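Keep in mind that this is a model prediction, so the values were computed, not measured.
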Amino acid sequence: MEELLSHPRAGVRLRAHRTSRALFDRDTHARLTNLLLSDPSPDVVRMAARTLGRAGWEPALPGLVRLLDHRGAGVRGAAREALVGFGDAAVPVLRRTAAHARPDRRPLYTDVLAEISGAAV
């Protein structure tokens with residue numbers, strides 16, 4: 001299945017992802033979905049971020065945080081939405097990343113932290 005998720009054609013990758021949902025347990029499907037966070041197609045990455053956010057699969061948090069710096073606005077928005085959905089579980093990863101980020105990139109992470117703390121109030 002992992003080989004199909006790295007196929008050159010996006011349609012094959014998406015079909016393999018849908019098939020993995022039907023064939024595998026939740027954790028295996030989420031692990032395979034996590035592989036799609038580094039897909040070359042922004043549409044596939046956006047779908048993977050939304051799927052992992054809805055599933056609440058915490059091992060995906062570092063990958064979702066990395067997407068906050070993605071070149072595509074849709075991908076950044078999907079990652080932000082997924083991280084806010086995780087709530088307090090995303091805070092440690094966001095804080096660690098913000099602490100190590102360049103000063104000009106730090107607001108990418110601190111803005112999401114502020115949104116999470118605002119949503120928790």
Side-chain angles (χ1 to χ4, degrees):
M1 188 62 67
E2 289 182 33
E3 183 179 326
L4 290 173
L5 289 171
S6 61
H7 193 275
R9 292 181 50 205
V12 173
R13 294 190 304 270
L14 290 171
R15 175 76 58 134
H17 180 256
R18 283 191 299 271
T19 302
S20 76
R21 183 178 59 213
L23 292 178
F24 301 119
D25 62 280
R26 179 185 178 275
D27 284 336
T28 303
H29 174 66
R31 183 182 57 78
L32 293 171
T33 302
N34 197 41
L35 296 174
L36 294 176
L37 291 179
S38 59
D39 195 87
S41 168
D43 292 335
V44 173
V45 176
R46 191 173 58 243
M47 177 275 308
R50 288 180 176 156
T51 301
L52 291 167
R54 282 192 302 268
W57 197 65
E58 290 188 20
L61 285 170
L64 290 169
V65 169
R66 276 192 300 277
L67 290 179
L68 292 174
D69 197 17
H70 194 274
R71 60 181 156 69
V75 172
R76 289 191 308 268
R80 180 184 197 102
E81 192 176 296
L83 289 165
V84 170
F86 273 97
D88 291 337
V91 170
V93 179
L94 284 164
R95 282 189 180 147
R96 188 174 334 117
T97 305
H100 295 287
R102 293 184 346 214
D104 62 324
R105 307 306 289 165
R106 201 164 287 141
L108 293 172
Y109 313 108
T110 56
D111 290 350
V112 178
L113 281 167
E115 192 171 339
I116 289 172
S117 62
V121 174

Quick one: [atom1] on [X] to [atom2] on [Y], what's the gap to the nearest 0.5 Å?
X    : Y   : atom1 : atom2 : answer
L14  : L4  : CG    : CG    : 12.0 Å
I116 : L94 : CD1   : CG    : 5.0 Å
L32  : T19 : CG    : OG1   : 11.0 Å

Side chains of [X] and [Y] in contact at under 4.5 Å (non-hydrogen atoms):
X   : Y   : answer
V44 : H17 : no
M1  : L23 : yes
L83 : L68 : yes

Test of understanding: clusters of I, L, V, M, F, W, Y form through side-chain heavy atoms closer than 4.5 Å, transitively. Do M47 and F24 belong to the same one?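 Same hydrophobic cluster.
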
Quiz item: Is V75 reachable from L5 through a run of I, L, V, M, F, W or Y residues, each pair having side-chain heavy atoms under 4.5 Å apart?
Solution: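 The answer is no; the residues belong to distinct hydrophobic clusters.
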
Please report the shortest heavy-atom distance between [X] and [Y], naming the atom on each side.
X    : Y    : result
Y109 : A101 : CE1-CB, 3.7 Å
L52  : T33  : CG-CG2, 3.7 Å
A82  : G53  : CB-CA, 3.7 Å
A89  : P92  : O-CD, 3.5 Å
G74  : R46  : O-CD, 3.5 Å

Results of side chain to side chain donor-acceptor pair (under 3.5 Å) for R80 - residues two or more places apart only =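 In terms of side chain to side chain donor-acceptor pair (under 3.5 Å), with neighbours along the sequence ignored, R80 is linked to E115.
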
message: Please enumerate all residues that pass side chain to side chain donor-acceptor pair (under 3.5 Å) together with S20, with sequence neighbours excluded.
response: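 So S20 forms a side chain to side chain donor-acceptor pair (under 3.5 Å) with H29.
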
Pair up each side-chain donor or acceptor in residues 57-67 with any protein partner under 3.5 Å, not counting sequence neighbours, and list the distances.
residue : atom : partner : partner atom : Å
W57     : NE1  : D27     : OD1          : 3.4

ask   = Which residue pairs satisfy the salt bridge (Lys or Arg N to Asp or Glu O under 4.0 Å) criterion with at least one member in residues 99-110, sequence neighbours excluded?
value =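 Residue pairs passing salt bridge (Lys or Arg N to Asp or Glu O under 4.0 Å), neighbours aside: D69-R105, R102-D104.
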
- Residue pairs, two or more places apart or on separate chains, that pass salt bridge (Lys or Arg N to Asp or Glu O under 4.0 Å) and touch residues 6-26: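 Residue pairs with at least one partner in residues 6-26: R13-D39.
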
Q. Got a sec, which residues hit side-chain contact (heavy atoms from CB on, under 4.5 Å) with E3, two or more places apart in sequence or on another chain?
A.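 Partners of E3 under the side-chain contact (heavy atoms from CB on, under 4.5 Å) test: none.
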
Query raised in the report: Could you go step by step and tell me if E2 and R31 meet the salt bridge (charged side-chain N to carboxylate O under 4.0 Å, His left out) rule?
Result: CA-CA 10 Å; E2 289 182 33; R31 183 182 57 78; 2.9 Å; yes

